[in-house]
Amino acid sequence: MAQSLVKEFTKGLWAEIPLFRLVLGLCPALAVTKTCENGIGMGMATTFVLLFSNILVSMLRNIIPSKVRIACYIVIIATFVTIVEFVMQAYTYELFLKLGIFIPLIVVNCVVLGRAEAFAGKNTVMLSAADGLGMGIGFTLALSSLGAVRELIGAGTLTVWGGTPLFTIGHGYIPFQFMVEAPGAFVGLGMMLCLMNLIGKK
Amino acid sequence: MIPAILLMLGIGATCGIVLSLSSKIFYVYEDPRIAQVENNLAGANCGGCGYAGCSAAAEAVVAGKEPPTVCIINSKEGVEAVSRIMGVDAGAAEAPLSYNLCEGGNRAENKYHYMGVSSCKAMTAVFGGHRVCTVGCIGLGDCVKACQFDALHMGPDGYPVVDDAKCVGCGACQKACPKDIIQVKTLSEKLMEFNQEHGALAPCSQTCPAEINIPKYISEIKAGKYDEAVQTIRMRNPLLLSCGRVCPHPCEDMCRRGIEDEPVSINQLKRFVADYEMNSGSRIPITCAPDTGKKVAVIGGGPAGLSCAYFLRRIGHQVDIFDAMPKLGGIIRYGIPEYRLPKKVLDWEIQGILDLGINAFTQVKFGVDFGLSSLIASGYHAIFMGIGAWNDYALGIEGEDLDGCYKGIDWLSRFAGGQEMKLGKTAAIVGGGNSAIDCVRTLKRLGLEKVYIVYRRTRNEMPANEVEIVASEHEGIDFVFLAAPTRVIGDENGKVKGLEYLQMELGEPDASGRRRPVPIEGSETVLDVDMVISAISQAPDPSFKDTDPTPKIKDLELTRWNTIDNNPETLQSSIPYIFTGGDSATGPSLVVTAIGGGRRAARSIDLFLKGKPVEPVENSLQGKNIPESIFKKVDGITPIKRAKMPEIPVSERLDSMIEVDLVLPEDQALAEADRCLNCCRICYNPDTEFPIAK
Amino acid sequence: MREMLSMIVVLTVLTAVSGGLLAAVKVKTEPRIEEQVLKFQKAPAIKAIFADATNDPIKERFNVKAEDTELQVFPSTLADGIKAVAFEAKGTGFGGPIGLMVGVNLDTDEIIAVRVTTHAETPGIGSRAKEDLSFVGQFAGMSMASNFGTKGQGGDIDAMSGATVTSVGVSQAAVAAQNLYKKLKPEIVKQMN
Amino acid sequence: MGDLFVLAISCIFINNILLAQFLGNCPFLGTSKKMETAVGMAMAVIFVLVMAGMITWIVDLYLLKALNVEFLRTVSFILVIASLVQFVEMFLKKSIPGLYAGLGIFLPLITTNCAVMGVCLINIKEEYTFIQALVSSFAYAVGFGLALILFAGVRERVILARVPKALQDTSIGLITAGMIALVFTVFRGMV
C-alpha cells in the first residue's frame with residue numbers, strides 16, 4: 001500500500017509530469033508564467049484543487065452516474081476553485097491580482113479534469129490523493145521553472161515570492177523582452193520540452 | 001447563503017433533468033465497447049492522440065482504426081484494460097499482422113535526390129516521393145520508427161521487413177506509412193483483397209483472373225520455400241493442381257520477359273509446387289478464421305463453387321456444397337479428360353478443400369431435389385449459384401438426331417461418369433474450342449481409326465489452347481478447316497454415315513475481329529464418318545426456374561444466353577441473397593476465371609452477411625491493366641530458353657488415358673523461376689546491369 | 001427510470017452542497033478580503049499621496065453615492081490644514097485593469113499626487129508605471145479639469161517609452177477619476193462636513 | 001454598428017484568444033495535426049461558444065446578479081457549459097447525424113476548452129450588452145478558428161523540415177505557435 005502510494009505520488013513529479021510529458025494544462029502554463037512567482041502561485045492553487053477534487057471525486061465515484069459524470073466532476077472542481085479564489089484573495093492578495101482571470105480557469109485546466117476522469121474516478125481515496133498531490137507538485141515545478149526561465153531571460157530578474165525580485169542580473173544585461181511577451185511563452189515552453197526530451201524520455 | 005443554495009439547487013436540478021431526459025429522448029445505439037474503451041482512456045479530452053476527444057478516439061479503437069495505445073497519456077493499466085476490451089472481440093481472435101506490399105525498395109529508380117528529409121511522410125509531400133514509382137516504398141522507415149515492438153526493420157534492399165513473430169498487429173506502422181504500402185490485416189482481410197488501380201502489381205498478377213501474386217510465389221520457389229509458394233497461391237486459388245494442368249495462363253501473355261524473350265512458364269511453376277505438395281505425402285495446413293455463425297449454401301461443386309466455398313470457409317463462414325453429379329468438381333471432372341487432369345489428382349485437391357470443414361451433398365439437383373424455399377428453411381443466410389454451363393448448343397442442321405450424333409459436354413461427361421459409350425470407327429467433331437479438342441483426343445485414345453475436327457474458320461482462329469491444338473496435331477488428328485456442316489447423312493437404319501459440309505473462305509473481319517467465313521456456293525463435300533459430335537459452346541441449364549416450386553425463384557433474372565443476370569463487379573444476382581460466378585455467370589470461360597469469380601462472390605457474400613452494403617471493390621482493376629506497368633521495351637534482358645514442358649511420347653500415350661503432360665523436374669523448375677524478373681508495377685530485376693536509358 | 005432519477009438527484013444535491021459551501025466560505029473570508037484589498041492595494045498608495053496627513057484616511061473612509069455610481073473615498077487633512085480626498089479609478093492596460101489612486105485637493109481641485117494601485121502589466125515594461133515615479137509624477141499639481149490624455153492622443157501626459165498601452169491605461173484611469181470627481185464632489189463635500 | 005465591428009476585429013486579431021490570451025491551448029496543439037480536424041474543431045468551437053456566450057450572459061444577469069451571488073459565477077457557468085455541450089452532443093447525434101458526424105466528435109473536447117469558459121467570463125467582466133456579448137463570443141471563436149487553421153496549415157508543412165530529434169512534434173509545434181503569435185502582435189494598436 002505504502003509502496004503504491006509512493007509510486008502514484010512520484011510519477012507526477014517526473015515520469016508523467018503533466019506539462020512536459022503529457023502536454024496538458026497549457027493555458028495557465030503559457031499565460032501566467034511571466035514570472036516565477038506567478039508560476040508558483042498558480043501551481044499551488046492548482047495543486048490544492050487537484051488534491052481535493054481528486055479526493056472528493058474518488059469518494060463519490062460509486063454514486064455518480066456515468067452520464068452526468070463530467071457535470072458532477074466539474075461542479076466539484078469548480079467549487080474548490082472558487083474556494084481557492086477566496087483564500088487567495090484573503091491571504092495572497094497581490095498574487096491574486098496578477099493571476100486574475102486564470103484562477104477561475106483552473107476549472108477547465110485539462111490536468112484537473114483529466115486526473116478526475118482517468119484516475120480518481122477509478123481508484124481509492126488514498127491513491128487518488130497521492131496522485132493529485134504528485135501531479136499538482138509536478139505541475140507547480142513545471143510552471144515555476146518555466147516562469148523562472150522566462151523571467152530571467154525576459155526581465156533579468158527572478159521573483160520567487162512577495163513581489164520583490166530575489167535576484168537581478170547585473171546592469172549590463174538588456175532583457176530580451178520577447179520572452180515575457182505572448183510569443184515568448186510558446187517558444188519558452190517549446191524549448192523546455194526540447195530540454196526534457198534531451199534529458200531523456202521515460 | 002440561502003439564495004446561493006437555492007440557485008445552485010435550481011441550476012443543478014435543471015441540468016440534471018435536461019441531461020437525463022435528453023439521454024432518453026436522444027438515445028442512439030452505439031457499440032457498448034466504445035463506452036468501455038472510453039472509460040479506460042485518460043479522459044482528459046486533450047486531443048493529443050490526434051482525435052477530437054476521448055470518445056472519438058474510443059470509437060476509432062473499437063472500429064479497429066487505432067491500437068489500444070492510442071491515448072498518449074494513458075496509464076499502463078489503462079492500455080491493458082483497453083486491450084482486454086478489444087481482445088474479447090471474436091473478430092480480433094484472428095490476429096492481424098503487418099505485411100509489406102512493396103518489395104521494390106531501392107531498385108526503383110529515383111526521379112530526384114533530396115537529402116534534406118528523414119521521414120517518408122515528409123518525402124511524400126515533395127512530388128509524391130523521390131521514387132519514379134508512385135505507389136512504392138519510400139524507404140526512410142517511418143514504419144520502423146513507429147513500431148513499438150521491434151518487429152520491423154529496414155531490409156537491405158530499401159524496404160521494410162516484418163518479423164511476424166514479434167508483430168502484434170497494433171497498426172502503428174500502417175498509420176505511419178504515407179503510401180499504404182505496409183498494411184496490417186487479418187488473414188481474412190488479406191484473402192478478400194482484390195487488385196486495385198493503385199496496387200503494386202506486376203503485369204502477370206494484373207492479368208490473372210484469379211489475381212494470384214505470381215512474382216511472390218515464383219520468388220519463393222526460387223528461394224526453395226515451396227510450402228510458402230503453395231500458401232501464396234492458395235491465398236487466391238484453391239485449385240492449384242487443376243489450374244497448374246489446364247490453365248491457358250493468360251498471365252504468360254503479359255509477362256514482361258515475353259516482350260524481349262520467351263515468357264516465364266508461370267503455369268508450369270505453379271504445377272511444380274502444387275505437385276510438390278501432393279507428392280510430399282502431407283498437406284500444408286490451411287487456417288480458417290473463427291466461426292461467424294453464418295451459413296452459406298453453394299449450389300454447384302465446380303471450380304466457381306469450390307472456390308467460393310473455400311474462401312467463405314477460410315473467413316469463418318459455414319458452407320455446404322450441393323451438386324447434381326455424383327462427385328464434386330463440375331466441368332473439370334466431367335468435361336476435362338483424364339489424360340489432362342487425372343481424377344486422382346482432382347480428388348486429392350477437392351478433399352483438401354472439404355477438409356476445411358465444408359459439407360458436400362452430391363447427386364442432388366437444384367430445382368428437383370431441393371429448391372430455394374428448402375434452403376431458406378434450412379437456415380442458410382446466402383446462396384452461391386455456380387451451376388456452370390452444361391447445355392450444349394445444337395448445330396441446328398438436318399439429321400442431328402440420328403443414331404451416332406452426340407453433343408460435346410454431354411458426351412464427355414457421360415464418358416467421364418463411367419457410362420459405356422457406343423463407339424464408331426470414324427468421327428467428326430464440330431467446333432474449335434477446348435471441348436472439341438477434348439473430344440477428339442479422347443476418341444483417338446479410344447481407338448478410333450480416323451478422327452476429324454471440323455471447324456468453320458482456320459487454325460489461327462481456333463479458340464482452343466495452343467498447347468492442346470499442338471498436342472492433337474502430334475496425335476494425328478485430321479483438321480478440316482473452313483467447313484460449315486450443313487447436314488448429317490444417315491443410312492437406312494437411322495445411323496450416321498456421313499457429314500456434309502460447305503467449304504468456306506474468309507471474308508471481312510467481324511465484330512470479334514476474326515475474319516468472317518463466307519460459304520463458297522456449290523462446294524458441298526461429304527465426310528464419311530459414323531459418329532458426329534457437336535462441340536460448339538454451351539449455355540447454363542435454366543430448367544431449375546421451371547421445376548423449383550418456390551415462387552421467389554421467378555425473380556431470378558437470366559440473360560438471353562441463359563446465364564444468371566448479375567452485377568459483374570459484385571456478382572450479386574437480382575435476388576439480393578443469391579450470388580453467382582463461373583460459367584453460369586459468364587458463359588463458358590476459363591477455370592481460372594471461375595475461381596476468381598468464386599472469390600469475388602465470397603467477398604460480396606461476406607459483406608452481405610455482415611450487413612454491409614454489397615459494393616464493388618474500390619478502384620477495381622478487374623479486367624484492366626495499369627497502363628504505366630505495360631512496357632513496350634524491357635532493358636537488361638538476356639534471352640534464356642524457356643523450360644520445355646516434359647510430356648509422354650505420342651507412341652506411349654495413345655492407347656490409354658494416362659496423363660500426357662509431366663511436371664518439371666526440380667532443377668528445371670528452379671532455372672525457370674530464375675528467369676522471372678520479379679516485376680512489380682514499374683520496377684523489376686533485370687538480368688544484366690544496364691544504363692538508365694532516359 | 002431509476003437511472004434518470006439518480007442522475008437528477010446526484011447532480012442537484014451536489015450543486016446545492018457546493019452552493020452552500022461556497023456561500024459559507026464567502027461569509028468567512030469576506031472581511032479579511034476587504035482588509036487585504038485595503039492593505040495591499042490602497043493603503044500604500046494613500047500613504048504615498050498623503051505623506052503628511054494628520055489623520056488616518058483609511059480608518060475614516062466612507063462611501064459616497066450619486067445616482068448609480070458608488071465610490072469609496074479616503075478623506076485626509078494635510079499638515080497645512082488642507083482638506084483632501086483620495087479615491088481609486090480604473091483603466092485598462094496591457095495585462096488587464098489598472099487601478100489608479102488619485103489624491104485631490106478639495107479646495108483647489110488640483111491633484112496632489114497619483115499612484116498605481118493594481119496592475120498586471122508586463123514586468124520591466126508596463127510595471128514601471130508603479131515603480132518609476134517620473135511617469136505618475138506628471139499628474140501632481142495638475143488641475144482636475146486638465147486633459148489627461150497622452151500626448152499621442154492630444155492630451156498633456158508624456159507616455160512611457162515602450163509602454164504605450166500601459167500609459168494609455170493610466171491616463172484612461174485618470175480620465176475616469178475626472179468624471180467621478182465631477183459627479184461626486186458635491187456629495188463628498190457634503191459628507192465631509 | 002461600427003462599435004460592434006471594432007469589437008469583432010479586436011476580438012479576432014488583437015486579443016486573439018489563442019495567441020494573445022492563451023486560452024484553449026490544449027486542443028490548439030492537439031487538433032492542429034491535421035487540417036481536417038482543425039477545421040472541424042474550429043466549426044464546433046464557433047457553434048458552442050456562441051451558444052454558451054448567450055446562455056451564460058442570461059444566467060449572469062437574471063440569476064447571479066439578481067440574487068447577488070456573483071461569487072457562484074465559476075461554478076454555475078461551467079456547469080451550464082458542460083451540460084450544454086453534452087446536450088448538444090446528444091441532440092445532434094440523434095436529430096442531425098450529418099452534422100454530428102462533422103462536429104459531434106469535437107464537442108466533448110470543448111467542455112474542457114478554456115476558451116469557451118474564458119470568453120464567457122470576459123463577456124461579463126467587460127460588462128458587455130447582450131448584443132456585444134454575442135458579437136464578442138462569435139468573434140473570439142472565429143479568432144480561435146483562424147489561429148487553429150493557420151497553425152494546422154503551417155504544421156502540415158513543418159514535417160518537411162529537418163527538425164532535430166529532441167525538438168520534434170510538440171516542441172517544434174509550440175515554437176511554431178510562438179512565431180504565429182509574433183505575427184499576430186502586429187495587429188496591436190490597430191484599433
Side-chain angles (χ1 to χ4, degrees), chain A residues 31-32 34-38 56 60 63-69 71-102 147 150-151 154-159 163-165 168 174-177 179-182 184, chain C residues 2-44 90 92-99 116-128 130-131 162-163 165:
Chain A
V32 305
K34 281 180 187 170
T35 66
C36 180
E37 182 192 9
N38 288 2
L56 207 66
L60 299 177
I63 59 166
I64 293 177
S66 79
K67 285 215 178 82
V68 289
R69 143 185 119 240
C72 291
Y73 292 171
I74 232 160
V75 167
I76 293 172
I77 293 165
T79 308
F80 284 111
V81 169
T82 313
I83 293 174
V84 168
E85 207 177 344
F86 286 140
V87 170
M88 280 184 84
Q89 274 187 36
Y91 298 96
T92 56
Y93 190 76
E94 285 214 302
L95 192 63
F96 170 76
L97 288 175
K98 285 182 190 143
L99 300 179
I101 190 173
F102 294 102
R150 286 183 68 195
E151 193 190 345
T157 58
L158 184 66
T159 319
T164 21
T168 309
I174 301 166
F176 180 44
Q177 286 176 4
M179 282 308 283
V180 283
E181 304 251 2
Chain C
R2 236 187 85 85
E3 197 202 347
M4 279 174 72
L5 208 64
S6 89
M7 277 165 77
I8 299 171
V9 169
V10 169
L11 198 57
T12 312
V13 170
L14 200 66
T15 46
V17 168
S18 150
L21 181 68
L22 288 180
V25 174
K26 158 106 178 153
V27 170
K28 271 267 186 300
T29 51
E30 205 157 21
R32 170 95 193 155
I33 290 173
E34 204 173 323
E35 203 178 297
Q36 286 276 323
V37 170
L38 286 175
K39 185 173 149 205
F40 278 97
Q41 283 184 15
K42 301 186 177 165
K90 303 251 174 197
T92 308
F94 189 68
I98 296 178
V116 173
T117 50
T118 61
H119 72 89
E121 301 305 280
T122 318
I125 309 166
S127 64
R128 279 185 285 144
K130 187 169 184 178
E131 296 138 16
V165 183

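So you know, we letter chains A, B, ... as the sequences are listed, proteins then strands, and number each from 1.
- Contacts of C:Lys26 with chain A are made by both backbone and side-chain atoms, with heavy-atom separations under 4.5 Å.
- In this structure, C:Ile33 and A:Phe86 approach most closely via the heavy-atom pair CD1-O, 3.8 Å.
- For the pair A:Leu60/C:Val10, no side-chain contact is recorded, criterion being any heavy-atom separation below 4.5 Å from C-beta on.
- Of the residues listed (C:Thr15, C:Val13, C:Leu11), the one engaging A:Cys72 in a side chain to side chain contact (heavy atoms under 4.5 Å, CB included) is C:Leu11, and it is the only one.
- A:Ile63 touches chain C through its backbone: at least one of N, CA, C or O sits under 4.5 Å from a heavy atom, while the side chain does not.
- Atoms CD and CD, from A:Gln89 and C:Glu30 in turn, are 10.0 Å apart once rounded to the nearest 0.5 Å.
- Interface residue A:Tyr91: backbone and side-chain heavy atoms are both found under 4.5 Å from chain C.
- In this structure, CG in C:Leu22 is found 5.0 Å from OG1 in A:Thr79, a value given to the nearest 0.5 Å.
- Between chain C and the options A:Pro175, A:Ala90, A:Ala71, the largest number of non-hydrogen pairs under 4.5 Å is found for A:Ala90.
- Only the side chain of C:Leu21 comes within contact range of chain A, with at least one heavy atom under 4.5 Å from a heavy atom of that chain.
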